[in-house]
Structure formats: C-alpha cells, structure tokens
Amino acid sequence: MTYSVAVSGASGYAGGEILRLLADHPDMEIRTVTAHSNAGQPLVDHQPHLRSLAHLTLQDTTPEILSGHDIVFLALPHGQSGQYTDALGDAPLVIDAGADHRLTSASAWDAFYGGAFHEPWTYGVPELLVDGVKQREHLRGATRIAAPGCNASTVSLSLAPGVAAGVIDPADIVSVLAVGPSGAGKSLKTNLLGSEILGTANPYAVGGTHRHIPEIRQALAAASGADAASIRISFTPVLVPMSRGILATSTAPIVDGATDAQIRDAWQSAYGDETFVQLLPEGRFPRTADVLGANTALIGLAIDRAANRVTVVTAVDNLVKGTAGAAIQSMNIALGLPENRALSVNGVAP
C-alpha cells in the first residue's frame with residue numbers, strides 16, 4: 001500500500017528533514033507541501049538539497065489543503081498546530097512535530113507556553129520506558145502522535161532506565177546540553193546569526209525556564225510511576241557553533257545500595273535490544289559527529305563514586321532522532337511497517 005502524505009511547515013528545518021526522510025520511504029507518496037509566507041514558491045527554493053522533490057510547490061497551510069491525505073505531518077511553531085488538528089478529525093493519521101499535543105498537564109502548558117491547551121496525543125519516543133513497557137506498545141495503531149522535543153527526548157532517554165530501575169534519584173537531576181541552533185527553527189533571529197554564534201558558546205533559557213522541562217518531567221514520571229512533581233531537574237542548554245546536534249550531559253545521585261553492576265544493567269537491559277538507542281561500551285562516550293544524519297542516540301555511562309552520581313552523555317542529531325526521525329519511526333510503528341524503514345543508524349563523516 002502507498003500512503004499519501006501532506007507536510008505543513010515544509011520550508012522550515014523540521015519540515016525539510018521530515019521530507020528528506022519521507023523521500024526515501026518506499027511506502028509514502030509526498031503529494032502536498034505547505035507553508036505560510038512562502039506559499040506559491042517552489043519547494044526547492046527553500047529546500048535546495050531535496051532534488052527529488054523539485055516538482056513540488058508550496059501551498060497555503062489550510063485544513064482544506066491538508067485534508068484528504070492518509071498522513072498529515074505538522075511542522076509548525078509551538079501554539080500553531082492546534083488550530084489545524086481540531087479541523088483534521090477525519091485524517092487517518094496526524095503527527096505533530098510541535099509542542100501542542102505533548103503535555104498532559106494544562107497547568108504545565110500554561111506555565112511554559114501559554115495559549116489554548118490541546119489534548120495530549122501518543123508520545124512519539126518508541127524506546128522510552130513507560131509503566132514497565134516501551135512506548136512503542138502505545139504507538140501501535142495510534143492515529144494521533146506527538147513527536148518529541150529534541151532536548152526533552154534526549155534527556156529522557158538518557159535517564160529513564162535509571163529512574164525506572166530505581167538506581168538513581170530523580171529529585172536531583174542536572175542536565176547541561178550543547179545544542180545546534182537549527183533546533184530553534186529557521187525564522188530570522190539576531191542571536192542565531194552566524195556572526196553571533198561562531199566562535200562562542202551561549203547559554204539560554206537558564207534557571208528553569210526552558211519549555212522542554214515539563215516534557216522531561218512528564219516522561220521520567222511515566223518511567224518511574226511517580227508524580228511529575230517529584231522529578232526535579234536543573235536544565236541548561238548552551239548554543240554552540242554547529243548547525244545540528246545535541247550533546248546532553250546529565251547527572252543524578254546514586255540511590256543507596258545500588259551497585260555498579262545494577263546501575264549499568266539498568267541501561268543495558270533497557271537498550272540492549274534497541275536499534276536506534278545504543279549504550280556504548282564502558283569508558284566510551286559519543287560525539288555529535290557520530291550521529292550526524294542518523295536516527296541514532298548514542299549513550300555513554302559513567303559511575304562517579306566520589307561524587308556518588310551517575311553521569312550519562314548522550315548524542316543525537318536534533319533534526320533526526322530529536323524530531324523528524326522520531327516522527328517517521330513512530331509513524332512506521334503506528335502503521336505496522338518495519339520500524340527502521342527509511343531510517344539509518346549510520347551517520348555522515350567527516
């Protein structure tokens with residue numbers, strides 16, 4: 001069967017990455033691409049690397065244009081997806097790459113986003129531990145999927161095994177992330193100009209203000225069965241001069257009595273059979289270069305007995321495993337297709 005696909009926000013980074021992956025998917029036919037201010041222009045004027053899609057022209061983003069497809073991807077700024085999802089009730093499968101359907105708590109949405117709150121959809125991180133099973137079990141047959149925030153899924157995948165196994169204390173998590181500016185989208189912003197980010201590292205959303213914090217707390221609470229209020233995280237992202245990628249360094253206290261073997265086994269048991277989330281051998285740690293263009297999260301684990309903390313270093317490509325790859329992987333599961341279809345574990349080097 002060939003599925004017809006529409007992609008909104010097709011002129012942006014997330015939309016472009018969704019299209020890049022879909023272009024090599026044998027079961028998908030990309031029929032419609034939409035944008036706002038760029039409507040009426042050839043797609044390749046904005047995504048010149050997508051040569052196989054040169055025949056497509058950007059159309060207006062309206063419910064009427066998006067409807068009538070088997071699958072609709074929404075790659076829109078936060079707070080804009082809801083107005084379309086409400087009108088796409090007849091679409092067989094809708095996948096939102098924005099934040100509008102990620103959070104289960106209306107109060108958390110009000111505190112970090114504001115505006116209208118929309119119902120939570122099935123969260124699109126298949127490898128995440130949820131109530132003793134993997135999230136992929138909830139994705140099978142899903143018709144509405146919320147793709148994750150890139151920083152949020154990276155930190156959640158980093159720590160969920162230890163939280164679920166009870167070997168680390170989620171009440172004192174510290175995460176510092178080096179991130180590429182593509183995660184902020186394509187809109188012109190002075191702080192994202194090349195002259196502003198080249199040769200420097202710039203912290204932002206410091207002091208508990210980043211919008212991905214409630215998403216992390218929600219995911220880790222689901223992994224542990226605890227209340228989200230019991231999950232406390234100090235989260236500091238830092239923009240660095242690489243176009244794409246996340247290197248997340250997360251630490252948490254070791255629970256009394258947890259042995260080194262139990263700690264490492266928590267992550268090995270969680271990810272030992274996974275294709276796209278891989279625990280590196282002891283003493284090895286990933287680089288963002290190792291996952292460039294791949295749907296892979298590589299994890300390095302250290303046990304620091306002097307500080308009585310576990311340190312987890314995780315590398316992902318924020319546009320692939322962090323966003324578009326997670327969306328395609330979740331789509332494959334929902335449709336009963338091979339989970340790895342059109343997705344690669346191999347990065348691009350050098």
Do any pairs count as a side-chain hydrogen bond (donor to acceptor under 3.5 Å, both in side chains) and have a residue in residues 286-301, sequence neighbours left out, and if so which ones?
Arg287-Asp290, Asn295-Gln329
Considering all heavy atoms of both residues, which atom of Trp267 and which atom of Leu279 are nearest to each other, and what is their separation?
CB-CD2, 3.9 Å
Electrostatic pair Asp96:Arg144 at N-O distance under 4.0 angstrom:
no
Set out, in order, the CA-CA distance, both residues' side-chain angles and the distance that settles side chain to side chain donor-acceptor pair (under 3.5 Å) for Ser182 and Asn318, then state yes or no.
CA-CA 8 Å; Ser182 60; Asn318 60 295; 3.1 Å; yes
What's the shortest heavy-atom distance between Leu103 and Tyr113, and which atoms?
CD1-CE1, 4.0 Å
Using the side chain to side chain contact (heavy atoms under 4.5 Å, CB included) rule, take Arg217 and Ile233 through it: C-alpha gap first, then chi angles, then the decisive distance, then the call.
CA-CA 8 Å; Arg217 296 176 68 200; Ile233 179 169; 4.2 Å; yes
Can you get from Tyr204 to Val206 by hopping between Ile, Leu, Val, Met, Phe, Trp and Tyr side chains that sit under 4.5 Å apart?
no
Distance alone, cut at 3.5 Å: any donor-acceptor contact between the side chains of Tyr123 and Glu215?
yes
Taking Phe73's backbone N and O only, do any of them form a donor-acceptor pair with Ser8's side chain (distance below 3.5 Å, no angle check)?
yes
Using salt bridge (Lys or Arg N to Asp or Glu O under 4.0 Å), reason through Lys321 and Glu127 one step at a time and then give a plain yes or no.
CA-CA 11 Å; Lys321 186 56 176 168; Glu127 302 89 354; 2.9 Å; yes
Atom of Pro170, atom of Val163 and distance for their closest heavy-atom approach:
CB-CG2, 4.0 Å
Whether the side chain of Arg140 engages the backbone of Ala334 through a donor-acceptor N/O pair (distance < 3.5 Å, no angle test) should be reported.
no
Of the options Asp169, Asp172, Asp304, which is the one that meets Arg309 in a side chain to side chain donor-acceptor pair (under 3.5 Å)?
Asp172
To the nearest 0.5 Å, what is the distance between OG1 (Thr122) and CZ (Arg136)?
14.5 Å
Could you check whether any side-chain N or O of Tyr271 sits under 3.5 Å from a backbone N or O of Leu157, counting only pairs where one atom can act as donor and the other as acceptor?
yes
Can Leu220 be reached from Val277 by stepping across I, L, V, M, F, W or Y side chains whose heavy atoms are under 4.5 Å apart?
yes
So if you build clusters from Ile, Leu, Val, Met, Phe, Trp, Tyr with side-chain heavy-atom gaps below 4.5 Å, do Phe276 and Ile333 land together?
yes
Rounding to 0.5 Å, atoms CG (Asn38) and NZ (Lys186) come to a distance of 8.0 Å
Short N-O contact, Glu137 and Lys134, less than 4.0 angstrom:
no
Hydrophobic cluster membership, Leu21 vs Leu337, 4.5 Å side-chain cutoff
yes
Please report the shortest heavy-atom distance between Ala14 and Thr323, naming the atom on each side.
CB-CG2, 4.1 Å
With sequence neighbours excluded, what pairs up with His69 under the ring-ring contact (aromatic ring centres under 6.0 Å, His included) test?
none
Do the non-hydrogen side-chain atoms of Asp100 and Phe117 ever get within less than 4.5 Å of each other?
no
If we ignore hydrogens and angles and just use 3.5 Å, is the side chain of Ser153 paired with the main-chain N or O of Cys150 as donor and acceptor?
yes
Minimum side-chain heavy-atom gap Ser330-Pro126 below 4.5 Å:
yes
Flag, side chain of Ser269 to backbone of Ala266, donor-acceptor distance under 3.5 Å
no
Run the side chain to side chain donor-acceptor pair (under 3.5 Å) check on Thr57 and Gln41 step by step: do they pass?
CA-CA 6 Å; Thr57 298; Gln41 301 175 31; over 6 Å; no
CD (Glu282) with more than 12 external heavy atoms under 6.0 Å
no
4.5 Å side-chain heavy-atom contact, Val167 and Val255:
no
Mind running side chain to side chain donor-acceptor pair (under 3.5 Å) on Asp70 and Ser4 for me, showing each step along the way?
CA-CA 5 Å; Asp70 297 316; Ser4 63; 3.3 Å; yes
Of all heavy-atom pairs between Thr143 and Pro92, which one has the smallest distance, and what is that distance?
CB-O, 3.3 Å
Look at the rings of His210 and His212 and say which category their plane angle falls in: under 30° parallel, 30 to 60° tilted, over 60° perpendicular.
perpendicular
Run Ile65 and Asp60 through side chain to side chain contact (heavy atoms under 4.5 Å, CB included) and show every step you take.
CA-CA 7 Å; Ile65 289 175; Asp60 289 322; 4.2 Å; yes
Sub-3.5 Å donor-acceptor pair from the side chain of Gln47 to the main-chain atoms of Ala10, do we have one?
yes
Is a side-chain donor or acceptor of Arg102 paired with a backbone partner of Ala147 at a separation under 3.5 angstrom?
yes
Below 4.5 Å, heavy atoms only, C-beta onward: do Val44 and Leu53 meet side chain to side chain?
no
Does any non-hydrogen side-chain atom of Thr251 lie less than 4.5 Å from one of Val312?
no
Tyr84 side chain near Leu76 side chain, heavy-atom distance below 4.5 Å
yes
Hey, what's the ring geometry for His118 with His101, parallel, tilted or perpendicular (30° and 60° as the breaks)?
tilted
Indicate if Leu177 and Val313 have the same hydrophobic cluster label, given that clusters are the connected sets of ILVMFWY residues with side-chain heavy-atom separations under 4.5 angstrom.
no
Backbone of Gly114 reached by a side-chain donor or acceptor of Trp109 within 3.5 Å
yes
OG1 (Thr314) and CG (Leu298) are apart, to the nearest 0.5 Å, by 9.0 Å
Ser250 side-chain N/O to Ser175 backbone N/O, donor-acceptor pair under 3.5 Å
no
Calculate, to the nearest 0.5 Å, the distance between atoms CG and OG1 belonging to Leu66 and Thr34 respectively.
5.0 Å
Note: Ala164 and Leu129 closest approach over all heavy atoms is CB-CD1, 3.9 Å
Evaluate the criterion side chain to side chain contact (heavy atoms under 4.5 Å, CB included) for residue pair Leu128 and Ser156; output intermediate values, then yes/no.
CA-CA 8 Å; Leu128 195 65; Ser156 298; 4.0 Å; yes
Enter the distance from Leu193:CG to Asn191:CG here, rounded to the nearest 0.5 Å.
8.0 Å
Check: Val179 and Val238 side chains under 4.5 Å, non-hydrogen atoms:
no
For a side chain to side chain contact (heavy atoms under 4.5 Å, CB included) check, start with the C-alpha distance between Ile95 and Leu74, then their side-chain angles and the critical distance, and finish with the verdict.
CA-CA 6 Å; Ile95 301 173; Leu74 301 172; over 6 Å; no
Distance col, row Ile263:CD1 vs Leu301:CG, nearest 0.5 angstrom, shows 7.5 Å
Do Asp27 and Met1 make a side-chain contact, defined as non-hydrogen atoms from C-beta onward lying under 4.5 Å apart?
no
Would you confirm whether His25, through its side chain, and Ala342, through its main-chain N or O, come within 3.5 Å as a donor-acceptor pair?
no
Under a 3.5 Å threshold, yes or no: a donor from one side chain and an acceptor from the other, between Asn340 and Thr275?
no
